[in-house]
There are 2 protein chains.
Amino acid sequence: MSPEANPAPPAAAPAPPAVPGKKRLSREIVLCAALALVDAEGLDALTMRRLGQELGRDPMGLYRYAENRAALLDGVSELVLNELAIIPDDPDWQAQLRRIAHDLRHLALRHPNVVPLLVTRPLSTPLGLRPLGTLRPLEQILSLLIDAGFGPEDALHIYRAYYGYLYGHILNELQEFIVDPDENEALLRLGLHRLPPKEFPRLRALAPVLADYDGMAELDEGITILLSGLAARLPHPGAQTKP
Amino acid sequence: MSPEANPAPPAAAPAPPAVPGKKRLSREIVLCAALALVDAEGLDALTMRRLGQELGRDPMGLYRYAENRAALLDGVSELVLNELAIIPDDPDWQAQLRRIAHDLRHLALRHPNVVPLLVTRPLSTPLGLRPLGTLRPLEQILSLLIDAGFGPEDALHIYRAYYGYLYGHILNELQEFIVDPDENEALLRLGLHRLPPKEFPRLRALAPVLADYDGMAELDEGITILLSGLAARLPHPGAQTKP
DNA sequence: CGCCTAGAGTCTACAACGTAGAGCTTTTGC
DNA sequence: GCAAAAGCTCTACGTTGTAGACTCTAGGCG
């Protein structure tokens, strides 16, 4: 299997053909259509046949751009992760990590249906074999931390705690989020009402609090806690952080 | 749809029939077989037909005990969560949370194939409508925290940060874990070797560290950080924690 | 003792899925 | 202008989830 990078050697002009209805496909077009479909109708709607129909093509043609459905899912997840731009400009690593956290959160809110892929797909692929786009954030954050003065090994640990919490928070928030915020509260109350009061007193009492949930604030608070904990307990000259 | 609790009213003796090969099914038997199958061969192996075969029954019979395949997955995930016993004996809430964290980690390691379900299934079901077994840990931990002196709202926040980090860590660790630890290092090196050195210098350099990963230690450290951060910054009389 | 009504279990059938393989058509390189 | 390659389509097969009708078994009641 060839690497997925577009082969640069020949000058490959897209060269749109005469027929107006059908232009040439490309991996990018396919993946974008797939992402759009998932965003609009959920993961289950992403079938080869459906995607083919969406593109006005025979489903079989898709196999030219993704080896199989699983690879297509990986492609979608990579595509989404590529939306996360990590620009290592800010020298303050804490501020940077905080910003990335919020960026990732927004990414998740923009593509809630893809989140299960993001957290789940890597489980089926050993680290070394993942698509490059998936590994890039890892590399960049390691770089960020090491540049900030941490040892490589510590950087790895920090990365893990950080991304661990991040993913966890996103999963939490998306559970709250679900469909329609208007209907949300009613549905929530209705659902909680179903719980046996004897067994779930706390949960039932928290219904109003559960209904309005500020994910952004909660994330920020969590990150603050994590960062302060990390900065304090790691062997660090303490030059760069502003106390 | 009737509640899934076994109807107590008539004295329902299981009453094994004459034929030795086939006893009466039950939701519990079905779910246990499903879990066993998932543990042994992964989520994809859990098809209605396969499960039927495993039980020596016609696949259609399963629909008596789970409305459809999705409900069956929910059942499996609930079954696993029920393995997590939360016994509110220890008065030290921090110690308790730490213990639960390790318990949950062990649970995940025991059923790695179910973890995607655990983190993903709730996304498709609004909180109020989830199976009771899924909500019980939430209720119990809330209870634990409130009994320890936190306000209900704070308890909820703590729960979220805590479970967020926990789930994140588990996902992280399972990515490391994958299949076979022996083959792991070789595969890892091989995989990392594929990365373009210019673009991924940090990651490549960390290969040896990546290879041996102590999930238990890392979890414990993370929890420590989180707990200290939480205990410090929450409006709390400070009577119960031992400083 | 025998019928009779549930419910448990089975059989058959169907639409939709992923994908192999052969064939057709357009584009590309010389 | 032509051969080769690449893009695309068609047909076909095995597998999946599940609806609906059927059969069988267990137990209550005369």
Side-chain angles (χ1 to χ4, degrees), chain A residues 1-2 4-31 33-34 37-38 41-76 124, chain B residues 1-2 4 6-7 9-31 33-34 37-38 41-76 124:
Chain A
M1 50 205 79
S2 62
E4 89 277 2
N6 44 357
V19 190
K22 305 203 169 190
K23 27 184 183 173
R24 190 69 146 268
L25 281 186
S26 75
R27 180 173 163 88
E28 202 194 357
I29 294 180
V30 170
L31 288 184
L37 211 127
V38 172
E41 308 188 29
L43 278 178
D44 291 342
L46 179 55
T47 74
M48 298 312 240
R49 291 168 143 98
R50 180 70 200 281
L51 184 55
Q53 171 183 328
E54 214 72 21
L55 290 162
R57 289 300 196 309
D58 186 280
M60 279 300 115
L62 302 175
Y63 286 94
R64 208 94 8 210
Y65 304 102
E67 204 155 313
N68 47 31
R69 194 180 115 96
L72 206 154
L73 292 177
D74 283 333
V76 169
S124 25
Chain B
M1 52 205 77
S2 62
E4 88 277 0
N6 43 358
V19 191
K22 305 203 169 191
K23 25 182 184 174
R24 191 69 145 264
L25 281 185
S26 74
R27 180 173 163 88
E28 202 196 356
I29 295 180
V30 170
L31 287 183
L37 197 73
V38 171
E41 308 188 28
L43 279 179
D44 292 341
L46 180 55
T47 74
M48 298 313 241
R49 293 168 142 96
R50 179 68 200 281
L51 184 55
Q53 172 183 328
E54 214 72 21
L55 290 163
R57 287 301 196 308
D58 186 281
M60 280 300 117
L62 301 175
Y63 287 93
R64 263 254 174 218
Y65 305 101
E67 203 154 312
N68 45 31
R69 194 180 114 96
L72 206 152
L73 292 177
D74 283 333
V76 169
S124 24

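Here is the naming used below: chain letters follow the sequence lines, and residue numbers restart at 1 for every chain.
- For the pair B:Y65 and C:dA8, the criterion of a side-chain N or O lying under 4.0 Å from OP1 or OP2 is not met.
- Distance B:L55 CG to C:dT10 C1': 15 Å, rounded to the nearest Å.
- In this structure, A:D58 atom CG and C:dG21 atom P are separated by 17 Å, rounded to whole Å.
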Problem set entry | Base versus backbone protein contacts along nucleotides 13-23 of chain D [heavy-atom cut-off under 4.0 Å; B, S, -] | ---BBBBB---
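- Residues A:L72 and A:M48 meet the side-chain proximity criterion, which asks for heavy atoms closer than 4.5 Å.
- For A:L43 and C:dG18, the CG to P distance is 13 Å, given to the nearest whole Å.
- Scored by the side-chain hydrogen bond (donor to acceptor under 3.5 Å, both in side chains) test, A:R49 finds no partners at all (sequence neighbours excluded).
- Between A:D44 atom CG and C:dG18 atom P the separation is 11 Å, expressed in whole Å.
- Residues passing the side chain to side chain contact (heavy atoms under 4.5 Å, CB included) test with B:I29 are B:L25, B:S26, B:L55, sequence neighbours excluded.
- In this structure A:E54 satisfies the side-chain hydrogen bond (donor to acceptor under 3.5 Å, both in side chains) test together with A:R50, sequence neighbours excluded.
- In this structure, A:V30 and A:Y65 approach most closely via the heavy-atom pair CG2-CD1, 3.8 Å.
- Under the salt bridge (charged side-chain N to carboxylate O under 4.0 Å, His left out) criterion, A:E28 pairs with no residue at all, not counting sequence neighbours.
- Atom CZ of A:R57 and atom C1' of D:dC10 are 16 Å apart (whole Å).
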